[in-house]
Amino acid sequence: MEILLLALLIGTGSRGGVLALICGLFVWLILSWRDHSWPKGWKVWTSVGLVILLGVSVGLMTFPKGFRLGTVDVSPEASAGRRLQVWSTVPAMLASAPNGWGFGKSAEAYEQWFEPVGEEVILKHLLSSHLTWLVEFGWPLRWLYLFLWMVAFSLLLPSRRFNFSGWGIAVWTAFLVALFYNAAGKWWNWPLPALWVIAALILRFRQKAPLSQGYWILSAVVAGILVGLPFMLLGLEVPKLSIDGRNGGNVVLVGAGKPTLAILGPNKEVLGNFYGQEIRKKWFKDDQNAGSVVIVAEPNSDASKLLSDCQLYVISGADEDALKKWESILTPKPDSKLLLINCRVEPDDWFKGFSRVIYSHGEFYGDSFYPEWKEFSATHSAVLIQDVPRSEAYITDWWPLVVQASAK
């Protein structure tokens, strides 16, 4: 059955499948030695060796990425190096968002707020199923996830009261390792481990060998310690730039202190795919003592509470519908400013509530409302039209617009 699991896992084209096999077999050997139940005779071991060799050989020949299984490169550009780099940021990602970064948002959170500035590598996940889920979950689900894994291993562990094959826990060990390499996306990796757990539950019922209370308590306590560990690590080493993720990643605060700058609905077509890296680089360098910057992806009532004291609001790439949503949660104060970057919106009375409105427009960016803004600025001295030379929708260097708007 371990060989069957290898055949399923090696389909990922990842060295994780082979590592999973090795770890699973190692656990099986330990349990067999403990229970004096391993096979005896050279014929059995020769057969096992030949089957393993055959399984690995077929996998390497069948899958084009098989050559990677024989290479180890931990540079940031290589697969192994990239994994280590991403995984090393997970404790900080967990601690910065106790309630999770939101389902399907772990890669985006990493790219914007934790990837080294300038790397600009786009990911689909955190290169590990375990870590992706833990980062996206809030702390209650993180605890439950870890708790269930420990309970599963406790159910499968043979004992004096519970007579069960060591292959069950060996398969689950391999499955545990495989999920560190994102094998969860392959549906065929799930049935075999699930069958072993079902078999263990049935046999425990028949043998009248339920898990003792100690196993449940130990699993709950260890899961709690693991959930709290990232917060303890963060307390030991304060990060250079604070990142605070809230509302499932919808709201992010960069820096310390009250928010003074708000970036609302950052549009990647205008600010670029890695606008978060730009914010981290510039804010840490120029304005780290000026409070914090709050980034809000979608307007909601929770976000509005953080926006009330901001001095400058930045909206990029918004249309009329998007602007109306921001208007519904944001009441401008007389001393606040608004920077619009390539927004196709019609000027209205809402803009009159700001002390200054800067309408930044790419030189080659088509906007049917541009003439209306020209007329609006002619009759309202607080409105400034700012053309960005040699630009269309994407503004290559947009941070200077923020700095200029803050100073005006």
Side-chain angles (χ1 to χ4, degrees), residues 112 117-118 241 252-255 257-296 306-318 322-323 326-327 330 332-345 347-348 350-367 369-408:
Q112 304 301 341
V117 173
L241 184 63
V252 180
L253 279 85
V254 178
K258 291 184 178 180
T260 57
L261 169 64
I263 298 179
L264 310 178
N267 189 305
K268 289 186 176 182
E269 293 182 0
V270 176
L271 306 183
N273 289 327
F274 299 93
Y275 62 85
Q277 294 191 27
E278 185 73 5
I279 293 171
R280 283 188 286 145
K281 179 175 68 175
K282 299 296 186 181
W283 191 258
F284 179 72
K285 180 180 178 182
D286 302 330
D287 302 300
Q288 56 182 316
N289 297 319
S292 61
V293 52
V294 56
I295 300 92
V296 183
L306 293 169
L307 302 178
S308 58
D309 294 327
C310 290
Q311 301 167 5
L312 174 63
Y313 304 91
V314 180
I315 302 178
S316 57
L323 185 65
W326 292 115
E327 290 183 10
L330 179 60
K333 290 186 176 181
D335 59 344
S336 61
K337 302 173 184 178
L338 175 66
L339 171 61
L340 301 174
I341 306 178
N342 280 346
C343 293
R344 289 193 174 102
V345 294
D348 59 27
W350 183 67
F351 297 106
K352 298 176 183 179
F354 295 93
S355 64
R356 172 67 76 178
V357 176
I358 300 97
Y359 183 80
S360 292
H361 178 272
E363 182 180 4
F364 306 117
Y365 181 68
D367 180 6
F369 296 115
Y370 186 70
E372 294 185 37
W373 276 96
K374 281 286 189 181
E375 296 177 7
F376 191 63
S377 65
T379 57
H380 296 82
S381 58
V383 178
L384 175 66
I385 303 297
Q386 185 179 37
D387 292 326
V388 183
R390 300 181 299 277
S391 296
E392 296 185 31
Y394 172 55
I395 306 298
T396 306
D397 192 10
W398 56 272
W399 190 260
L401 300 178
V402 176
V403 176
Q404 294 169 18
S406 299
K408 291 183 183 297

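Quantities reported herein were computed from a predicted structural model and do not represent experimental measurements.
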Side chain [X], main chain [Y], donor-acceptor under 3.5 Å:
{"X": "Thr260", "Y": "Gln311", "answer": "no"}
{"X": "Asn342", "Y": "Tyr394", "answer": "no"}
{"X": "Ser355", "Y": "Ser336", "answer": "yes"}
{"X": "Gln277", "Y": "Gly118", "answer": "yes"}
{"X": "Ser391", "Y": "Pro389", "answer": "yes"}

Checklist entry - Are Phe354 and Trp350 near enough that their ring centres are under 6.0 Å apart? => result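 Yes, ring centres under 6.0 Å apart.
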
Checklist entry - For the ring pair Trp373 and Phe376, is the centre-to-centre distance below 6.0 Å? => result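 Yes, the ring centres sit under 6.0 Å apart.
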
Reported [atom1]-to-[atom2] distance for the pair [X] and [Y], which is rounded to 0.5 angstrom:
{"X": "Leu384", "Y": "His380", "atom1": "CG", "atom2": "NE2", "result": "14.5 Å"}
{"X": "Leu253", "Y": "Ile295", "atom1": "CG", "atom2": "CD1", "result": "7.0 Å"}
{"X": "Glu372", "Y": "Ser377", "atom1": "CD", "atom2": "OG", "result": "12.0 Å"}
{"X": "Arg280", "Y": "Leu241", "atom1": "CZ", "atom2": "CG", "result": "8.0 Å"}

Next on the checklist: Using a 6.0 Å cut-off, check whether atom NZ of Lys258 has over 12 heavy atoms from anything other than its own residue.
Outcome noted: no

Checklist entry - Hey, does the Lys NZ or Arg CZ of Arg344 hover above the aromatic six-ring of Tyr365, less than 6.0 Å from the centre and inside 45° of the axis? => result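 Yes; both conditions hold, so Arg344 lies above the ring face of Tyr365.
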
Next on the checklist: Could you tell me if Ser360 and Gln386 have a donor-acceptor pair between their side chains, going purely by distance under 3.5 Å?
Outcome noted: yes

Item to check | Under the ring pair (Phe, Tyr, Trp, His ring centres under 6.0 Å) test, residues paired with Phe364 that sit two or more places apart | outcome: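 Expected list: none.
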
Checklist entry - Taking only residues two or more places apart in sequence, or in another chain, which ones meet Asp387 in a salt bridge (charged side-chain N to carboxylate O under 4.0 Å, His left out)? => result none

